[in-house]
Amino acid sequence: MADASVRPVKKKRTVLIVILTVLALLAALAAAAVLYDGRHAEITVIGPGDITLEYGESYADAGAKATSAGRLFGELDTRIDVYAYLPKDISELGEHEVKYFCSYLGRSYEAGRKVTVIDTVKPVLELEYSGDFNATVDKGFIEPGYSAYDAHDGDLTSRVIVNISGDMVYYSVSDSSGNNVFAQREILYAPTEPMIELIEGPEITVTAAISYEDPGFKAYDAKGNRVNELVTVEGEITPYLTGDYELTYTLDTGFGPPVVATRKVTVVAKDVPPSVAPAEKTIYLTFDDGPGPYTEQLLDILKKYNVKATFFVTAQNPDYLYLITREYNEGHGVAVHTYSHDIYSKDENNVYSSVEAYYSDFMRMRDIIYDKTGYYTDMFRFPGGSSNTLSRFNPGIMTTLTQAMPNMGFKAFDWNVSSGDAEGRRKPEQIRQNVIDGVQSVSYGYAVVLQHDIQDFSVEAVEDIIKWGLSNGYKFAALDMTAPRTPHAVFN
Ligand code: ZN
């Protein structure tokens, strides 16, 4: 029994020792694990580690973040506050360091970002302009002034270096970062006598046009002041007629004799494609004075036979102007006749009252054609033809216009067969007969037929004319810039 009472005591001690040993082992193991894990903070700089800024650009800090890291337990989701330190002079030129700090488990950590501020922008160097001259014979070069400014250094005018060499003045300046800028100007002596300088020189060539624009001149008095207002220009140029002209520029300053300069102006014609006779016997149907109430009917007939014609159009019937688009789209020639067709007034309303009046009426119609078709035609027919005598109230106007218009690049077309549809009301059969007789009488293989699509009886004759032409071996064609002009004699 004594043995039985001792045994349990012995057993208890053994258990206690085992427990304590296990606990000690566990503690040692835990300590070893913590030691091995080496828990610490890691700071990561957000964005680029090194930043270079141009002077004046502002620095925006992207910050940094810190994480808890260890070898055994890895990254832990622990919040660690990071504090940033931005140097006060971070916007100044040079190298700066932005620092980030944090503390964790009783230790502090640190990381940095290098910020370099540079200046590669050149200063601005400006020369003041003061008239055409900056030197006089007695005083030499007179500085008109300059200024220099730098974004970093501010006003650098006092540091500009000026060097005079020959007839040039050289300016240079550099900023504190060594950025250089240069400028120069020519020394220009003022005349000691009045002078006229002709812009573009004493001889110029211009293309024929409705008006002449002089390139201009610069006149100076003896002190070099601009005195253009003291110049009188004499001489006549007819800008639409080719030839040599002379202009005289006279400067009278009131002191000493006047200064005179002359300019020779040569007016040359624009190139116009030459006319070529068609290879086959050809009828060019042409219709003047439309579009009008019968134009649509005419277009239908032409379409039915796939015949191309030419329309010399006017704006007399504004409601029908839209048909110009159809004429053009269906492959017909569309050319200028006249805007107003006024060849009857005896005043400035008449298109033949002056070259300028004619040109302005012509251009008005040409612009309408452009508006309706998207193309600028250079083809036209004079109202009444180049042989008209209605214009005789203005003697010689047709002689001038028949030269001036081609000089300016436009091609005039007359006709060699008249349908007679402008001489009062006729039967369509009569118009048909007139055209057939006319076509048969022309000896040179092509007929340019004049009709008017504002005459119903004339339009009604067209189908028969086409049938006759086709069955007699004629080709129908629209006029173009190389087609025959069949010019009339000029009687005014
Ligand atoms: Zn007409």
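Numbering of ligands and ligand atoms starts at 1, following listing order. Values below: every heavy atom of this structure, side chains too, minus hydrogens, waters and symmetry copies.
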Problem set entry | Distance-only side-chain donor-acceptor flag, Asp244 / Thr266, under 3.5 Å |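 Side chains of Asp244 and Thr266: pair found under 3.5 Å.
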Exercise. Will you find, in the side chains of Thr120 and Glu54, an N or O donor that is under 3.5 Å from an N or O acceptor?
Worked result: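 Note: Thr120 and Glu54 side chains meet the donor-acceptor criterion.
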For this session: Applying salt bridge (charged side-chain N to carboxylate O under 4.0 Å, His left out), name anything that partners Arg485, two or more places apart in sequence or on another chain.
Result: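 Here no residue qualifies.
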Exercise. Around the Zn ion (ligand 1), how many protein N/O/S atoms fall inside 2.8 Å?
Worked result: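 For the Zn ion (ligand 1), protein nitrogen, oxygen or sulfur atoms under 2.8 Å: 3.
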Problem set entry | Mutual orientation of the aromatic rings belonging to Tyr284 and Tyr446 [parallel < 30°, tilted 30-60°, perpendicular > 60°] |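 Tyr284 and Tyr446: perpendicular rings.
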Problem set entry | Ring-ring centroid check Phe382 Tyr358, cutoff 6.0 Å |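 Here the rings of Tyr358 and Phe382 have centres that are less than 6.0 Å from each other.
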For this session: Would you check if the distance from the ring center of Tyr305 to the ring center of Phe476 is below 6.0 Å?
Result: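 Centroid separation for Tyr305 and Phe476: 6.0 Å or greater.
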